[in-house]
Amino acid sequence: MSLKLSERSANVKPSSTLAITAKAKELKAAGRDVVGFGAGEPDFNTPANICDAAIKAINDGFTKYTPAGGTIELKKAVSEKFRNFNHLDYSPEQIIISNGGKHALTNIFDALLDPGDEVIIPAPYWLSYPEMVKLSDGKPVFVYSTAATGYKVSAAQIAEKVTDKTKALVLNTPNNPTGMVYSKKELEDIAKLAVEKDFYVVADEMYEALIYTGEEHVSIASLGEEIYKRTITCSGLSKSYAMTGWRVGYAGAPVDITKRMNAMQSHATSNVNSIAQKAAYEALTGPVDEMEKMRLEFDRRRQYMYSRVKEMKHVSCLEPEGAFYVFVDVNKACALSYKGKKIETAAVLAEILLNEFDTAVVPCADFGYPDHIRLSYAISMEQIEKGLDRIEKCLNELA
Ligand code: GLU
């Protein structure tokens with residue numbers, strides 16, 4: 001048979017974060033006592049009031065198609081949330097409800113990019129951005145950062161990468177995988193550049209509710225009328241409401257972009273599951289105490305994990321300010337060996353940790369840093385303690 005599959009699909013790598021999470025779950029199901037630091041997924045159950053709203057939706061027969069871009073009720077609730085939390089004025093017609101943050105982002109790139117358009121992606125980056133950009137026929141252009149600048153890039157560094165093909169910049173704060181948060185001043189400088197050079201900003205604010213420093217989350221689109229016109233602000237309910245499986249994300253954008261996203265979504269998936277939309281409505285309009293409890297518990301784990309990891313041999317890390325990840329530099333460990341086996345990359349270290357120490361971590365080559373690993377603290381304190389003991393033991397055995 002001479003039939004060939006598409007070049008586009010051949011160039012896409014499967015998501016390694018999802019693969020590692022699945023592998024850890026599979027090993028656990030097979031009886032191994034694996035600690036999984038892989039998942040960017042809260043261990044908490046979705047709060048009861050949200051689940052009850054979904055059950056009520058089913059019992060009320062709210063089980064039919066809704067408008068493709070989401071119910072007006074939910075869009076109004078998202079509009080209110082944008083106003084109160086992000087200080088952003090997006091009317092319901094500027095909002096689209098999508099199947100998780102990923103779907104919102106793929107819609108955005110599909111709406112913005114023509115073949116060959118460049119998208120600047122600060123590194124380290126969440127591994128899905130480059131793949132999404134390529135799937136939309138765009139070209140990812142990376143800007144690298146180091147621990148010295150808190151793994152954040154400056155407007156000047158971004159400016160160096162701007163060409164006449166630059167269509168957009170992806171900005172993710174709080175950041176996955178570093179947990180770092182861009183300051184208002186840093187965002188103002190980036191906004192100024194975006195307006196001056198005239199490119200879009202795709203603001204992925206999925207972790208906006210998970211900041212532990214007492215600082216307020218700043219949405220870049222809120223920094224002026226010109227940057228607002230060039231920004232698509234994307235978020236979702238997965239992380240802050242422990243709703244990963246429900247698949248509810250959303251975006252606010254200039255209305256011409258939202259219209260395009262709506263048209264594409266109406267053919268690709270139709271609406272987000274009607275029951276999940278009712279649950280999302282309850283999440284956004286109901287009591288917030290469960291959310292705050294989860295945030296405080298993440299903070300407790302964050303502090304514990306940072307205090308342990310920074311004392312470990314052969315590795316270093318910065319204190320994360322948001323999200324639920326610690327980004328660990330294992331470069332020195334990569335120069336060593338375990339039982340005679342050379343480590344060389346974080347991927348080999350991750351393999352040793354999983355096979356010999358029953359501990360799953362994310363090696364970060366797919367995030368642009370092959371000498372770093374990511375540890376999620378969205379797992380229980382007991383699991384964190386056990387897993388860190390194992391990682392420490394492994395590091396102590398390197399020679
Ligand atoms: N965003 C989460 C993570 O980085 C979930 C997995 C994924 O979608 O990649 O772990």
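In this text, all values refer to a predicted model and were calculated from it rather than measured experimentally. When a ligand or atom number is given, it counts from 1 through the structure's own listing order.
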Does only the side chain of V362 get under 4.0 Å from ligand 1, or the backbone, or both, or neither? Count heavy atoms. neither
Going by heavy atoms, is S15 under 4.0 Å from ligand 1? yes
Check whether Y377 forms a cation-pi arrangement with R302 (NZ or CZ under 6.0 Å from the six-membered ring centre, at most 45° off the ring normal). no
With rounding to the nearest 0.5 angstrom, report the CD to CZ distance, E216 to F85. 7.5 Å
Say whether Y304 and R308, considering side chains only, have a donor N or O and an acceptor N or O under 3.5 Å apart. yes
So, regarding K239 and ligand 1 (criterion: nitrogen or oxygen to nitrogen or oxygen, under 3.5 Å), is there a contact or not? yes
What do you reckon, are the aromatic ring centroids of Y129 and F109 less than 6.0 Å apart? no
Ligand 1 and F367, any nitrogen or oxygen pair closer than 3.5 angstrom? no
Give the ring-plane orientation class for F82 versus Y250, where under 30° counts as parallel, over 60° as perpendicular and anything between as tilted. perpendicular
Counting only heavy atoms, tell me which of R374, K102, E41 gets closest to atom 3 (C) of ligand 1. R374
Ligand-side contact atoms (ligand 1) for residue partner Y325, heavy atom cut-off under 4.0 Å: 2 (C), 3 (C), 4 (O), 10 (O)
Identify the protein heavy atom lying closest to atom 9 (O) of ligand 1, giving its residue, its atom name and the separation to 0.1 Å. T17 OG1, 2.5 Å
List ligand 1 atoms under 4.0 Å from N176, heavy atoms only on the residue side. 1 (N), 3 (C), 4 (O)
K134 atom NZ: more than 12 heavy-atom contacts under 6.0 Å: yes
